[in-house]
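Model, not experiment: these values are computed from the prediction. The figures here come from the full heavy-atom set of this structure, side chains too, leaving out hydrogens, waters and symmetry mates. Numbered from 1 within each chain, the chains take letters A, B, ... in sequence-line order.
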Amino acid sequence: MNKHLPVALVIDDEVQIRRFLRAGFELENFAVQEAATAADGLRVATLKSIDLVILDLGLPDMDGAEVVERLRSWSTVPIIVLSVRSSEDEKVRLLELGADDYVIKPFGMAELLARARAALRRQARGSAGEPIVRAGSLSIDLAQRSVSLGGEAIQLSPKEYRLLQVLAQHAGNVVTHQHLLKEVWGVTHLEDAHYLRILIRKIRKKIEKDPTQPQILLTELGVGYRLAQ
Amino acid sequence: MVSLRRPSMAGIGRAIERMSASKLHRYLRHGRNFRAISNLVRPIFLALALVAAMTLCLIGVKQFVDLYHVSSAYLIPVLIAAIRLGMVPALVVAIGGVGASAFFFYPPIYDFRVHNPEQLLDLPLFVIVAAVTGQLAARARAHAVLAQDREREMRALYAFSKGLAVVTDPAQIYSAIQDHLGAITGCRVVYFEAGASSSASGHEGEAVPEIVLRTVSKFAQENADRTGMVVDDERTGTSWLIRAVSHKNAAFGTVAIDVGRASQHGHSSMQHRIDAVLADAAATLERLDVARAIGEVKLRTEAETLRAALMGSVSHGLRTPLASIMGSASILVQAPAVAHEPRLAGLAGIIRDEAERLNSDIQRLLDASRISSAGVRPHMGWVDAADIVNAALASQRRRLASHQVVVRLPDDLPLVNADQVMIEQALAQILDNAVKYSPAGSAIRVEAQSRGGEIVMTISDGGAGLSPEEREQMFERFYRGPRTRETTSGSGLGLWIAHAFVVACGGRIEAASKGVDCGTVFRIVLPEAPMVTAGARGGPDE
């Protein structure tokens with residue numbers, strides 16, 4: 001196994017899905033480990049050096065939430081969940097347990113790769129300290145605490161900056177409403193979802209070309225917000 | 001003396017019997033109340049026979065022993081008559097006994113006159129004994145008869161209830177009610193089903209009087225007074241009792257009972273028995289109704305389980321391979337080896353797009369089965385209308401690529417209270433329709449605005465438009481416009497699902513068109529949040 005390649009662990013009970021994921025990741029210069037059950041997946045994750053986990057929620061032997069919880073008990077490895085439509089609450093729960101992002105089945109490889117790369121970058125940023133996050137024409141300098149749009153600095157209120165900062169730390173990945181509310185307003189405002197909507201609207205007016213058709217600060221219906229890559 | 005006396009006594013007895021028999025016969029041959037008359041006359045004859053028998057005994061005894069106070073011996077037949085036959089026969093025996101003793105035993109013999117009036121003192125004594133004992137015995141007998149009647153009725157009712165307990169079909173109950181009421185009342189009973197009151201069930205042989213039919217149908221319609229009523233049929237001179245089977249449930253029907261010429265008193269005693277039977281029958285009918293409802297629920301639960309299993313296997317069995325197909329195709333489309341060869345890239349694109357279409361078809365089927373079986377349970381929440389519109393546009397991005405999409409959303413759209421997934425689905429469906437039924441390159445306009453406390457989302461296209469018939473029926477399940485049915489693929493489910501989802505969220509969906517080929521305008525209207533944005537504006541940012 002090439003040491004320089006990031007290793008993706010695919011935990012899915014469907015052999016065909018494992019096959020196409022293996023092909024997709026290998027074409028993008030990942031090494032791939034496969035596991036058909038949650039137990040096997042957890043075992044592989046402890047034994048081998050894993051950079052990324054792709055976790056299917058419909059595993060026969062264990063609830064997806066439990067797998068996420070167990071992995072998170074000892075590892076910060078990025079986890080992308082493969083989910084089905086119409087279960088926003090489940091997605092939010094998994095994200096709050098520590099999953100980094102999700103894609104909805106059926107999905108295109110490009111979408112999964114984008115989520116996976118974003119999660120890997122967040123991981124890398126944590127260790128290497130890369131201070132500048134870019135999303136479209138927006139650039140957020142986490143070290144300087146400054147934001148510029150197309151090279152021009154823009155003025156943000158402290159709360160607006162704080163919100164962008166949290167999103168930038170997870171750039172490319174979804175951040176739940178709850179997480180944003182907690183980080184920006186504190187735990188006493190977890191129910192005040194309209195604060196968040198109004199603040200998002202204000203930021204969009206400053207950074208989006210057409211605030212009603214956002215290209216940078218994207219909405220994930222029922223889940224949260226995402227800074228585009 | 002004896003020889004003379006004996007034949008005479010026997011003669012009297014025979015004469016009386018002969019007379020009574022012949023007279024009765026003659027009378028009864030013409031009379032209708034044979035049983036009533038014979039019931040009345042027979043005890044009198046028996047009483048007289050008792051007197052005769054006692055007299056014969058006493059005459060016999062007198063041959064050997066001298067009897068002074070013979071009349072007191074008649075106390076025995078008086079008591080027997082009082083106990084067994086009743087007061088009137090006892091009085092007959094009392095008078096007959098005193099008369100017989102005066103005639104046969106007290107001087108002058110063979111003469112009703114008596115020399116010593118003391119000897120007739122027995123008469124008032126006998127009368128009193130006869131009256132008192134007769135009364136007591138009559139009362140006891142009446143009680144016994146009543147008890148027997150009750151027992152018989154109870155047994156019949158029990159048999160009726162037991163019969164009802166195994167009945168599984170209302171028609172059996174109706175005929176059981178008819179038969180049982182007929183049996184206990186001895187009258188003709190006709191059952192009328194609810195809603196079919198003009199035609200009686202059963203008893204085809206005899207016609208029910210017109211007035212009874214009319215009353216029954218009137219009675220069935222007027223729910224206010226359900227205690228029952230009496231109708232007199234003047235033509236035959238009989239009365240009919242009309243009763244609802246149940247006071248509570250008119251659907252259980254009505255019975256008409258031909259009570260003949262029975263007196264008012266007869267009616268009221270019969271009413272009680274009829275009440276008991278009908279109460280029992282109504283309870284059974286209710287039980288059956290409950291049983292049927294339970295049966296239906298069971299059936300529904302089974303259908304629900306089957307549907308859930310089917311949905312599970314459809315969503316897993318079809319979508320899992322689809323996920324592999326779509327994933328693989330998405331890799332092929334972008335793989336350098338394929339991307340450099342336009343024909344192969346085209347094929348990979350077809351696989352991906354058709355798999356996507358198949359996926360949305362499966363989604364539609366699942367939605368449709370969810371709507372029609374379980375109903376729609378929206379997961380309501382306050383959402384930004386613009387977010388929903390954008391999500392729908394994003395989900396249809398590839399399909400919309402062939403058209404010119406113009407989106408106009410105001411900056412400050414209020415929130416709406418809705419299930420965002422459902423509204424997004426509904427919008428996506430309408431967008432899909434707009435793409436399908438308007439020429440490539442034409443414009444599709446998507447707008448949203450707040451208007452009078454409502455949010456109106458409008459999708460307009462320049463396509464096929466709607467005929468009046470199409471506009472009428474387009475939201476019906478499986479409806480497909482006749483103009484495009486042959487040329488455009490579709491399931492006829494999409495707009496029906498969109499309609500169901502929007503209505504479930506408390507909104508409405510409308511379609512307008514200036515006519516065929518003049519484009520279509522769809523509107524989804526949802527109630528908006530009351531001032532949430534304005535009220536909270538000051539708070540969050542400081």
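- Only the side chain of Asn359(B) comes within less than 4.5 Å of a heavy atom in chain A; its backbone stays farther off.
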- request: Check the pair Arg408(B) / Thr212(A) against side chain to side chain contact (heavy atoms under 4.5 Å, CB included), numbers first and verdict last.
  value: CA-CA 8 Å; Arg408(B) 270 227 321 260; Thr212(A) 64; over 6 Å; no
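- Ala323(B) and Pro106(A) get closest at one heavy-atom pair: CA-CB, 3.7 Å.
- Contact detail for Leu413(B) and Arg201(A): the closest heavy-atom pair is O-NH2, 2.7 Å.
- More than 12 heavy atoms of other residues, nucleotides or ligands shown are found within 6.0 angstrom of NZ on Lys436(B).
- Residue Leu221(A) comes nearest to Ala391(B) through the heavy atom pair CD1-CB, 3.6 Å, listed as atom of the first residue, atom of the second, then distance.
- Nearest heavy-atom pair across Ser328(B) and Phe20(A) is OG-CB, 3.3 Å.
- Contact of Pro336(B) with chain A is not made at all, since no heavy-atom distance falls under 4.5 Å.
- Contacts between Leu27(A) and chain B at a heavy-atom distance below 4.5 Å involve the side chain alone, from C-beta outward.
- At a 4.5 Å heavy-atom cutoff, the contact between Glu424(B) and chain A is made by side-chain atoms alone.
- Of the atoms belonging to Leu393(B), it is side-chain heavy atoms, and not backbone ones, that fall under 4.5 Å from chain A.
- The CD1 atom of Ile331(B) sits 8.0 Å away from the CG atom of Leu113(A) when rounded to the nearest 0.5 Å.
- With a 4.5 Å cut-off on side-chain heavy atoms, Ile17(A) and Thr320(B) count as touching.
- Only the side chain of Arg204(A) comes within less than 4.5 Å of a heavy atom of chain B; its backbone N, CA, C and O stay farther away.
- Interface remark: of the candidates Arg162(A), Met109(A), Glu220(A), Glu28(A), Met109(A) forms the most heavy-atom pairs closer than 4.5 Å to chain B.
- Atom CG of Asn390(B) is separated from atom CD of Gln215(A) by 8.5 Å, given to the nearest 0.5 angstrom.
- For chain A, the nearby parts of Asp411(B) are the backbone and the side chain; heavy atoms of each come within less than 4.5 Å.
- Here the side chain of Arg197(A) pairs a donor or acceptor atom with the backbone of Trp382(B) at under 3.5 angstrom.
- For Gln420(B), the parts lying near chain A are the backbone and the side chain together; criterion is any non-hydrogen pair under 4.5 Å.
- At least one side-chain heavy atom of His379(B) sits less than 4.5 Å from a side-chain heavy atom of Asp89(A).
- Atom CZ of Arg22(A) sits in a crowded spot, with more than 12 heavy atoms from other residues, nucleotides or ligands closer than 6.0 Å.
- Residues Asp387(B) and Tyr225(A) approach most closely at OD2-OH, 4.4 Å, considering heavy atoms.
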